[in-house]
Amino acid sequence: MAGAGAAEGRGPGDAARRASRPRSRRPAAWAELLRLPALFTVPGDALAGAAAAGARPGPRTLLAIGSSVCLYEAGMALNDWADRAEDAVERPHRPLPSGRIRPAAALTAAGVLTGAGLALAAGAGRPALAVAAPLAATVWAYDLALKHTPAGPAAMAAARGLDLLLGAAATGGGTRAALPSAALLGGHTLAVTAVSRRETTGGSALAPLAALATTGALTRLVTHRRTRPPAGRRAAAAPGLPGSGPAGGTPRATAVLATALGAAYAATAARPYVHAALNPSPPLTQRAVGGGIRATIPLQAALAARSGATATSLLVASLAPAGRMFARRAGMRKVSIT
């Protein structure tokens, strides 16, 4: 970059162009910092939580989704702020070490987004705020203290599980019925995060093999053991998105859909895990992490389907091609959680 700048002319017009160029690149830098393609994996948490609680998605579900998005992006900004010294050595191309975004701006964004996430959760009701507060605390604890410790993957898994419970609390007022779904989603996140710890160094086949085994176990649980929310919750569900309630299809149809989505989840995650286990190089490990992140969406959709929410599961599943299209157009195919 320095060489390109030195080759340019030094007239007033060139100086003006050089001064304006960083501003024109700022949106792309922020999109990279916030991992925008991965953002498509977030709404499915709240929607799967609503389905597990036996409630139709409604206005409070939308508030929960907004809260989840803000807290997720706060974690992305805080992650790069906390890792700026490490990234300067291992990932100098990232927005902070490359100088495209100032560290103070990233930290400020993390604080603002956290506040916005808690405010949106408060708007969804006290039960939602009661889940969002520990979720925000977990995000900050992971980025600032736990990420590089043995507790790091568990903290990330807890954050995903709490995010699903946020949707259940906001939509149905409680979280008990959604605990099994939160545990399954947390197990997947635990496996992906464990693999991601070797993104830059590689050299370990154990984490991809463990993730592969986890994927197989989760696929079986999602496709063979359906969760049925309490009948009272189904009957008392508030009106929301048309046709997206838990009883959006026959038991046979939802079982078939859950099986198909479970297979899509397994296919998305398993192949890159196998490659990384056979050759645990940094590039293949990074691909395994990317596959695990992408597999989050079909898993969320399968969880919604096993709860009987056919239309909700299809809505969640549609986020996968939308995310791929966005990543292609934005030129951001590689997504990381570290």
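All values reported here derive from a predicted model rather than from experimental measurement.
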inquiry  = If hydrophobic clusters are built from ILVMFWY residues whose side chains come within less than 4.5 Å, do I293 and L261 share one?
reply    = no
query = Any chain of hydrophobic side-chain contacts (each under 4.5 Å) joining L78 to L146?
reply = no
request  = With the side chain counted from C-beta on, respond yes when H93 and S98 share a heavy-atom pair under 4.5 Å apart, and no when they do not.
outcome  = no
key: ILVMFWY cluster, L179 and L166 together (side-chain gap under 4.5 Å)   = yes
task = Taking all heavy atoms of T312 and all of A304, pick out the closest pair and write down the distance.
result = CG2-CB, 4.3 Å
task = Look at E32 together with R100 and state whether they make a salt bridge at an N to O cut-off of under 4.0 Å.
result = yes
query = Is R91 paired with D83 through a side-chain N to carboxylate O contact shorter than 4.0 Å?
reply = no
ask   = Got R56 and T61 here, is their nearest side-chain heavy-atom distance under 4.5 Å?
value = no
Under 3.5 Å, which donor-acceptor pairs do the side chains of residues 40-51 form with other protein atoms, sequence neighbours left out?
residue, atom, partner, partner atom, Å
T41, OG1, A38, O, 2.7
T41, OG1, R160, NH2, 2.8
D45, OD1, R160, NH1, 3.1
D45, OD1, Q300, NE2, 2.6
D45, OD2, R160, NH1, 2.6

key: Under 3.5 Å donor-acceptor, H188 side chain and G292 backbone   = yes
request  = Would you kindly confirm whether V195 and L209 end up in one hydrophobic cluster when ILVMFWY residues are joined by side chain heavy atoms under 4.5 Å apart?
outcome  = no
ask   = Looking only at heavy atoms, what is the nearest atom pair of W81 and A106, with distance?
value = CB-CB, 4.5 Å
Mind listing the side-chain donor-acceptor pairs of residues 113-135 below 3.5 Å, one per line with the distance, residues two or more places apart or on another chain?
residue, atom, partner, partner atom, Å
T114, OG1, A110, O, 2.8
T114, OG1, W140, NE1, 2.9

inquiry  = I'd like to check M156 versus P153 (side-chain heavy atoms, cut-off strictly below 4.5 Å). Are they in contact?
reply    = no
inquiry  = Count I, L, V, M, F, W, Y as connected when their side-chain heavy atoms are under 4.5 Å apart, and connections chain through other members. Are L278 and L212 then in the same cluster?
reply    = yes
request  = Write down the atom of A288, the atom of Y273, and the distance for their closest heavy-atom approach.
outcome  = O-CE2, 3.6 Å
query = Do T149 side-chain atoms and A145 backbone N/O form a donor-acceptor pair below 3.5 Å?
reply = no
note = For L96 and R84 the tightest heavy-atom approach is CD2-CB, 4.2 Å
